[in-house]
Number of protein chains: 4
Amino acid sequence: MPLTPEQEAEIAALRASPRATLRAVSEGMEQHLHHPIEVLDHGLVRVVDYMGDDAAIVQAARVSYGAGTKHVSNDAGLIRYLMRHWHSTPFEMCEIKLHVKLPVFVARQWIRHRTANVNEYSARYSILDREFYIPAPDALAAQSTTNNQGRGALLEGAEAARVLEILKADSTRAYDSYEAMLSQDGQQGLARELARMNLPMNIYTQWYWKTDLHNLFHFLRLRADPHAQYEIRVYADAIAQVVRDWVPLAWEAFEDYRLGAVQISARGVDCLRRMLAGEEVTQETSGMAKGEWREFIATWGR
Amino acid sequence: MPLTPEQEAEIAALRASPRATLRAVSEGMEQHLHHPIEVLDHGLVRVVDYMGDDAAIVQAARVSYGAGTKHVSNDAGLIRYLMRHWHSTPFEMCEIKLHVKLPVFVARQWIRHRTANVNEYSARYSILDREFYIPAPDALAAQSTTNNQGRGALLEGAEAARVLEILKADSTRAYDSYEAMLSQDGQQGLARELARMNLPMNIYTQWYWKTDLHNLFHFLRLRADPHAQYEIRVYADAIAQVVRDWVPLAWEAFEDYRLGAVQISARGVDCLRRMLAGEEVTQETSGMAKGEWREFIATWGR
Amino acid sequence: MPLTPEQEAEIAALRASPRATLRAVSEGMEQHLHHPIEVLDHGLVRVVDYMGDDAAIVQAARVSYGAGTKHVSNDAGLIRYLMRHWHSTPFEMCEIKLHVKLPVFVARQWIRHRTANVNEYSARYSILDREFYIPAPDALAAQSTTNNQGRGALLEGAEAARVLEILKADSTRAYDSYEAMLSQDGQQGLARELARMNLPMNIYTQWYWKTDLHNLFHFLRLRADPHAQYEIRVYADAIAQVVRDWVPLAWEAFEDYRLGAVQISARGVDCLRRMLAGEEVTQETSGMAKGEWREFIATWGR
Amino acid sequence: MPLTPEQEAEIAALRASPRATLRAVSEGMEQHLHHPIEVLDHGLVRVVDYMGDDAAIVQAARVSYGAGTKHVSNDAGLIRYLMRHWHSTPFEMCEIKLHVKLPVFVARQWIRHRTANVNEYSARYSILDREFYIPAPDALAAQSTTNNQGRGALLEGAEAARVLEILKADSTRAYDSYEAMLSQDGQQGLARELARMNLPMNIYTQWYWKTDLHNLFHFLRLRADPHAQYEIRVYADAIAQVVRDWVPLAWEAFEDYRLGAVQISARGVDCLRRMLAGEEVTQETSGMAKGEWREFIATWGR
């Protein structure tokens, strides 16, 4: 369970006190507020606050375009138009603030998204809890034999057991050492900012993370992608559920024009046109290198 | 009056429909929502949305600091501590969205603040209104004789009248020409994206502008400063009123540690210490150049 | 001619003094350094400085990927791979600094690209020159009848002459007024920060603009696009010439995967697959709205 | 020694091949190029590339200010003026690219500076080396008894020995486990992206890090500060040496107006004025809280 009873009680108090506001309200998002979504074995994603809804995107775009937008029949059409033509600024007008608990090695990937606001729990100031990510058996995969930065088949039998044993034992030992070094019982006690260096990267940290919808979509496109590491993808998937309920029109446009979309290179466009005209195109006649042709064929068959 | 009756009605509708939310609510800010503050002769600042309040700053900082913050006696103390020690990320956890109507030459200064989201009314797409900033007599100043980028005494008598006459006549003529070039009455009509180039920079534009509290404070520190141009300072002053009611604790800390604070150089620190010890320091013995010494004396007297 | 003789002389001096460096040098780029490219009637783009070359992209990516990249046969292949898979950070390792002279209405579009460093000539501090953009006859277009934010056919005959006449006369008058208001001859002289508001947006300004290659590519993708306004596109085209010589491998990848590439939505992918399988797809059976289908057909024919 | 012989050879080759350029050259910086500065036990800072020098700051500012700057007697004076008045954009016109090798817990602090470009060595793709930061005896400090996020006295005798023993043993064990899990000898071998989670945060990583001079100064102000953690401060100190030689005029202004400067709050200004006038100010009469008064007195004595 990722939350202590005190934390549960604090969150329940937040949920119990609706207040009046003149701001835009997304009913779908209100359902998510302060409801932690569990992720991995000890992680969570919790919506702490949000700003805007589908209408706020349209409203901002209409300042941008003035009275001229009257001809766009409805909000869904305008939002699809904006997404299709890469007009990103109206999507920046919605904002979300999340409380996330996640393993450090996931946090290190996540933080590479620079256009966000972050407050992380400080291990210089405080003592981290004894909580480590230990993969479930169906996430314990071997190195991919074809992709240098991916994973392949699941580990089996004794090897899987051995790995889990190692991860658990090393985490336990590292945390025991952390406590032993910090202890002021009969000794001075090592500075927290130093002791933390002994902890492995599967320990959990937590942060407040705030970003706008445009940058969140960018995050989701990269991190909800099948090529993303599983352990960050599950966070992206949890956030995706939230976004779907928060801004359903924008989400639908995002799914169609980004998540499910395909970028075709100039060479690929040429090949597709020839294929549509009935030509049998091969790697040799495509002008593409092998790797690129393999990716092309994976999308377009033949 | 900066708003049309239709716009007034739309805004009134927004104000008339409070809704329930589980988010943080700032009562002071709810009073400002959708109430346009008039600025200059046709401009306005209107709060469209906001996220967070003083408690949200503390809440984010406490994730950052964990249970360790128990010793900070209260929210005000923690907020002052964060401001004093340049811990900027908790202030980034509050966000504001404004609708602003402003002259183009002011917009050109404003947009230099890059950490913000902007949707501007498009003069490629739409036709701008015939609204120009004409300074009030008490804002019609001569070039400063001492500061190359500032203004000095008020213009007087005939010269003031002549300037106002020129500004009005040239605006009128430019807009007449704009309409004449756009007209499709008996002619093709110049493209809007071209015709706009004939308009002078005192014409009004408008935008949605969204930023976080940390970056807003930075904006206010530079633009509510006496050295800022008057025409942007009045916008900063209008926003300052809003921020004071939105996050009163953060505002007070900002006033004390930024707006009213003074940065003293290493040389200045040395001089002040000598002065406190009773020494009579002069420009010659200060180690400062003349301009710097003049600024130093303006603050510390002697 | 956009440069004064003094400016020409200063630039010539820069060109005449090669110096030794241990940094990465791009021979193609050295040819461009300090050679102003003329744009529009008074504008220019001049490379002032740069950092990195194609090899610098590879070098940064190889830190990112360590010894593992040995299997990528050559730099071109790795650069194409990075571009295809949206690995943007290695492209951020190259930087360019340009001196640009451009009309204010173009500058107002350009500045919307926030991830850049800018120093603009200050009209608070200095007096702008009497230089205005007056379109050449082949750039004098009517409002598009189908696209609200675009231009259509060229203006003809008397109308074209009238527009040019207006633009010239209004510019002249506005600048005459500007000088008259600034003059300290027998009067105080209006502050420069105020007088500038009378100038129309076809006046030229100038700035130093510095950005990294990733963000420059993003700029070029949007601004070298046929939908971009002609007056900014010519600047993008001038910069594109420079980039081609600076980082030829990255440029080629950019052309193939971005400039000449097509993004196909999930619905579009479905349609294309059906078309490849021999099905006759129409707007009705496509699931697309009319506008979207029109854009789809424009790319894929039928 | 942080570099392998192969890496030494590659770097030596870079140093041996000066080339001609028309760009700004900083002689002081050329001396640093590709010379790794050793930091901590296995870390390094190496200048890979740079753009600009002191003159480039002035040059950019002079576009910004036009001919008007003639009255500033020299470059040093202008640079000091820009720094004193927070004109940050000219400093953004210089850029630096560093290769840094650093422990992960230091990298996690460092990456919080978002306005930079980063390519980090990927432990998804590659296998990390067996290199861990083990503090030198004079960096092995106890938790501070007064500052929750700092360190106090050095650990002594048996406790110090015990801590070093733990750090070494746990690092060794964690890395042995890492290798055992990765091994494909008689087993499938765990995916690298998973195995890395077992490594403690004192393992070394490396990255290319590129930023502009304004943001670098901001980094140095926070990280070369006595309150910064020692392990990041030594990196800041190494970079500071480099900057001093790269842009000596800007560095001097930075030292005077930032590093050695003091920010005094509005209350503090009031107190100082009263003290200069001879009044005996105490915490009670200062209007400051205890913590703030303590910091005030630490600077101004009494």
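In what follows, every heavy atom counts, from backbone to side chain, and hydrogens, waters and symmetry copies are set aside. Every chain is numbered from 1 and lettered A, B, ... according to where its sequence line falls, protein lines coming before strand lines.
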Exercise. If you round to the nearest 0.5 Å, how far is CG of D/L22 from NE2 of C/H35?
Worked result: 8.0 Å

Problem set entry | D/T21 portion near chain C, given a 4.5 angstrom heavy-atom threshold | both

Exercise. Under the 3.5 angstrom rule, does the side chain of D/D49 hit a backbone N or O of C/M51 as a donor-acceptor pair?
Worked result: no

Exercise. Do D/M93 and C/V48 pass the side chain to side chain contact (heavy atoms under 4.5 Å, CB included) test, and can you show the C-alpha distance, the side-chain angles, and the key distance before you say yes or no?
Worked result: CA-CA 11 Å; D/M93 289 289 155; C/V48 172; over 6 Å; no

Exercise. Is it the backbone or the side chain of C/L128 that comes under 4.5 Å from a heavy atom of chain D, or both, or neither?
Worked result: neither

For this session: Rounded to the nearest 0.5 Å, what's the gap from OG1 on C/T89 to CH2 on D/W207? Could you check?
Result: 12.5 Å

Exercise. Charged N to carboxylate O below 4.0 Å: is that the case for C/E95 and D/K210?
Worked result: yes

Seminar exercise, completed: Distance col, row C/S126:OG vs D/R62:CZ, nearest 0.5 angstrom, shows 11.5 Å

For this session: Output the residues of residues 107-118 of chain C for which the shortest heavy-atom distance to chain D is under 4.5 Å, in residue-number order; output 'none' if no such residue exists.
Result: C/N117, C/V118

Problem set entry | Qualifying residue, where the test is side chain to side chain contact (heavy atoms under 4.5 Å, CB included) with D/R23 and the options are C/H34, C/R19, C/E30 | C/E30

